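Read the structure below first, then the notes.
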Amino acid sequence: MARRPARAFETIFRTANPNAMDLLKKMLVFNPARRITIEEALSHPYLVALHYPEDEPVREPVSLFDFEFERQLLTMRDTKDLIYNEILLYHFQDKRDEYERAKIEYARQLHIPGRMIISRDADSDEDLEIS
């Protein structure tokens, strides 16, 4: 898709709060390495009335393993099997243990470290540095 010149939000949303416009611009940056983080967004002046750090839990990113099914074309039978297996995880400790072992093995095979860090100083949308 060809690039189009950016339109100034101020001309589109003439009566909007300037802080809202600033936050929107920062959230809509295409390059995730340059996009505002969740922590930065929650600390933004526009969200100051909603920001309660003591009530905002932070955790490591979810494993890619947990969403591997989204990368496949699933039949109705596959979907039913996945739902059934998910139910088993909640009811049987041995199934949870097996799932956790499979998740660890998956990460090992992909050479994914425990935490993925995306460099925020990338200069272009095409050049993302992932370490």
Side-chain angles (χ1 to χ4, degrees):
M1 182 175 358
R3 285 188 178 208
R4 297 184 336 184
R7 291 178 56 192
F9 284 144
E10 292 77 14
T11 61
I12 300 169
F13 307 108
R14 296 169 196 223
T15 60
N17 180 318
N19 282 330
M21 304 304 293
D22 181 59
L23 179 60
L24 184 61
K25 287 177 192 174
K26 292 175 179 179
M27 291 170 61
L28 292 177
V29 171
F30 184 77
N31 183 337
R34 294 187 359 228
R35 189 179 309 136
I36 192 171
T37 66
I38 291 170
E39 291 83 11
E40 292 166 343
L42 289 171
S43 297
H44 191 276
Y46 184 69
L47 298 177
V48 72
L50 303 174
H51 183 50
Y52 298 100
E54 62 280 352
D55 192 33
E56 296 167 1
V58 179
R59 62 168 291 198
E60 294 294 317
V62 177
S63 166
L64 293 174
F65 180 79
D66 294 325
F67 294 95
E68 184 61 30
F69 69 92
E70 290 184 347
R71 300 171 49 140
Q72 303 169 16
L73 291 174
L74 301 173
T75 65
M76 180 66 80
R77 182 77 222 158
D78 294 334
T79 303
K80 288 179 179 181
D81 288 344
L82 285 171
I83 292 169
Y84 179 73
N85 288 330
E86 187 77 15
I87 291 168
L88 293 177
L89 291 176
Y90 286 96
H91 293 285
F92 300 102
Q93 182 63 43
D94 60 326
K95 291 292 184 187
R96 282 193 296 273
D97 295 341
E98 180 183 323
Y99 181 82
E100 290 301 321
R101 285 192 299 273
K103 187 189 292 189
I104 291 167
E105 183 57 32
Y106 177 86
R108 257 192 225 127
Q109 288 176 358
L110 292 178
H111 304 290
I112 296 175
R115 181 168 184 169
M116 226 158 96
I117 301 170
I118 300 176
S119 172
R120 293 186 49 86
D121 60 319
D123 291 332
S124 73
D125 292 337
E126 292 77 39
D127 299 326
L128 300 180
E129 296 177 25
I130 300 174
S131 49

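The analysis underlying the following values was restricted to heavy atoms, covering all of them including side chains, and did not include hydrogens, waters or symmetry mates. Bear in mind that the values here come from a model prediction, so they are computed numbers and not experimental data.
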If the threshold is 4.0 Å, N to carboxylate O, is there a salt bridge linking [X] and [Y]?
X: Glu10; Y: Lys25; answer: yes
X: Glu105; Y: Arg108; answer: yes
X: Asp22; Y: Lys26; answer: yes

If hydrophobic clusters are built from ILVMFWY residues whose side chains come within less than 4.5 Å, do [X] and [Y] share one?
X: Leu82; Y: Val62; answer: yes
X: Phe13; Y: Leu28; answer: yes
X: Ile36; Y: Leu50; answer: yes
X: Phe92; Y: Ile87; answer: no
X: Leu74; Y: Leu64; answer: no

State the CE-CD1 distance between Met21 and Ile12, to the nearest 0.5 angstrom.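 That separation rounds to 7.5 Å.
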
Out of curiosity, His91 NE2 to Arg96 CZ, how far, rounded to the nearest 0.5 Å?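 It is 9.5 Å, given to the nearest 0.5 Å.
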
Is the number of heavy atoms from other residues, nucleotides or ligands under 6.0 Å of Lys95 NZ greater than 12?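 At most 12 heavy atoms, drawn from other residues, nucleotides or ligands, come within 6.0 Å of this atom.
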
With a 6.0 Å cut-off (strictly less than), is the heavy-atom count around CZ of Phe9, excluding the residue itself, greater than 12?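 Result for CZ/Phe9: enclosed.
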
For Tyr99 and Asp66, does a side-chain donor sit closer than 3.5 Å to a side-chain acceptor?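 Judged by distance alone, the side chains do pair up.
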
Minimum heavy-atom distance [X]-[Y], with the two atoms named:
X: Leu73; Y: Asp78; answer: O-OD2, 4.3 Å
X: Asn19; Y: His44; answer: O-CE1, 3.2 Å
X: Phe30; Y: Arg35; answer: O-NH2, 2.8 Å
X: Ala41; Y: Leu47; answer: O-CD1, 3.2 Å

Apply the side-chain contact (heavy atoms from CB on, under 4.5 Å) test between Ile83 and each candidate in Asp81, Asn85, Thr79; give the one that qualifies.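 Between Ile83 and the candidates, side-chain contact (heavy atoms from CB on, under 4.5 Å) is satisfied uniquely by Thr79.
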
